[in-house]
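Each ligand, and each atom within it, is numbered from 1 in the order the structure gives. All values below come from the heavy atoms of this structure, side chains included, with hydrogens, waters and symmetry mates left out. Note that the coordinates shown come from a computational prediction; the quantities given were computed from them, not determined experimentally. Residues take their numbers from the sequence shown, with the count starting at 1.
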Amino acid sequence: MKTIRHYCSRSLTKALVIMVTASAILCGCGTVSMSPSKDVKIAVLTYDEHDTFVDSMTKYMTKWCRQKEKETGKRITLSVVGAKKSQLTQNDQVQKFISENYDVLCVNLVDRTDAMVIIDKAMESDTPVIFFNREPVEEDLSRWDKIYYVGALARQSAEMQAKIITDALSDPQKFASIDANDNGTIQYVILEGEAGHQDTLVRTSVCPKELMKAGFSLEKLGDEYANWDRDQGRTRMRELIDRYPFQIEMVIANNDDMALGAIDAIEESNYPLDPFVVGINGTEEALEAIRTMKLDGTVYNDSKGQAEMIMEMAYALGSNEEFPGNVDLTFNKYVFTPYSMITYDNVQKYLRQ
Ligand code: GAL
């Protein structure tokens with residue numbers, strides 16, 4: 001007998017100690033290890049506490065832990081901290097959690113190209129790391145076999161976003177309503193996430209390429225970074241509206257918050273056109289905007305699936321157990337959850353989730 005769950009009553013524990021000691025004496029064993037079942041301590045470090053998508057992931061993580069505690073009777077300490085977009089702050093937070101003997105670190109890097117310090121600290125203290133959402137470069141990920149990454153494939157999100165647009169443009173009536181100036185070319189703007197983020201880079205380049213591959217004629221009027229943020233999306237869109245007062249027929253946003261910010265700006269400025277607007281993530285607000293026909297489509301980024309996967313892995317690592325069967329690792333390192341498309345036609349299914 002190696003472990004006893006922490007919720008054993010005192011007398012039960014005492015009885016078990018006597019039994020184990022007695023059997024050890026009887027069978028002539030030297031020492032008997034009977035450490036009580038260890039609590040699991042999981043630290044979650046996010047790049048910023050104001051990111052709606054990452055915030056929804058941490059909420060699902062908390063729910064998962066509470067449920068797992070009920071099922072197993074084992075205590076899970078889950079500590080979530082944000083780094084206010086400072087990699088130095090995040091490095092210090094990692095150090096603190098390591099010194100407090102956390103079993104696993106789940107890290108949403110601030111700077112995905114700067115994972116070196118965290119990996120060094122983790123390797124020194126033998127603390128496994130699950131990076132998520134902001135993918136470290138391969139060179140860093142391959143440094144140690146106790147480093148993992150959970151996320152989704154940016155290319156897939158861009159291809160699906162393009163598919164939502166091509167489906168609409170393939171309908172002649174819809175095409176005519178989007179092509180306001182009736183010149184056969186769609187004039188569009190792009191609202192980009194953060195510079196250097198894998199999702200920004202891929203979504204910005206792949207979506208328009210897919211549209212052109214599908215044979216549509218497009219003209220990019222402008223693109224602006226809005227850092228995944230609704231207010232910034234709104235400000236950047238107002239500037240684009242001022243620059244192109246009668247021309248913007250479509251808004252491609254790297255995420256929903258910026259798409260919703262663009263819609264705010266369109267509404268506030270009484271823009272004379274009704275641009276086709278698409279986002280990515282499938283946040284609650286975006287789903288509601290699709291239901292009310294303000295947002296034309298989004299791509300569901302499975303925050304729940306990713307959060308649960310990270311917790312399954314963290315719990316197993318913290319308990320010295322094998323990963324459960326549903327953890328499907330690629331190259332022993334990566335887990336990618338699939339995206340899916342959402343438009344008015346299927347939004348009900350997601351609203352009910
Ligand atoms: C993306 C997501 C964005 C933002 C970003 C943060 O996957 O679509 O909305 O949350 O991650 O790293």
Heavy-atom contacts with D199 under 4.0 Å: which atoms of ligand 1 show up? List them by number with element.
->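 Checking each atom against D199, I get 1 (C), 7 (O), 11 (O).
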Looking at H197, which atoms of ligand 1 are within less than 4.0 Å of one of its heavy atoms?
->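 The atoms of ligand 1 under 4.0 Å from a heavy atom of H197 are 5 (C), 6 (C), 11 (O), 12 (O).
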Would you say R203 touches ligand 1, if touching means a heavy atom closer than 4.0 Å?
->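 Heavy atoms of R203 do come under 4.0 Å of ligand 1.
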Taking all non-hydrogen atoms of both residues, which atom of V129 and which atom of V107 are closest, and how far apart?
->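 Looking at all heavy atoms of both residues, the closest pair is CG1-CG2, 3.8 Å.
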Backbone or side-chain N or O of [X] under 3.5 Å from ligand 1 N or O:
| X | result |
| --- | --- |
| E194 | no |
| D51 | yes |
| N133 | yes |
| Y47 | no |
| W228 | no |

Looking at R234, R238, R230, which hits side chain to side chain donor-acceptor pair (under 3.5 Å) with D264?
->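 Exactly one pass, corresponding to R230.
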With N108, which of N133, T46, D48 fulfils side chain to side chain donor-acceptor pair (under 3.5 Å)?
->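 Of N133, T46, D48, side chain to side chain donor-acceptor pair (under 3.5 Å) with N108 is met by N133 alone.
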Classify the contact between N301 and ligand 1 as side chain, backbone, both or neither, using a heavy-atom distance cut-off of under 4.0 Å.
->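 Side chain only; the backbone of N301 stays clear of ligand 1.
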For the pair K41 (side chain) and L78 (backbone), establish whether a donor and an acceptor sit closer than 3.5 Å, ignoring hydrogens and angles.
->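 Flag not set: sc K41 to bb L78 has no pair under 3.5 Å.
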Member of Y148, F131, F132 meeting the side chain to side chain contact (heavy atoms under 4.5 Å, CB included) criterion with I310 |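 Only match with I310 under side chain to side chain contact (heavy atoms under 4.5 Å, CB included): F132.
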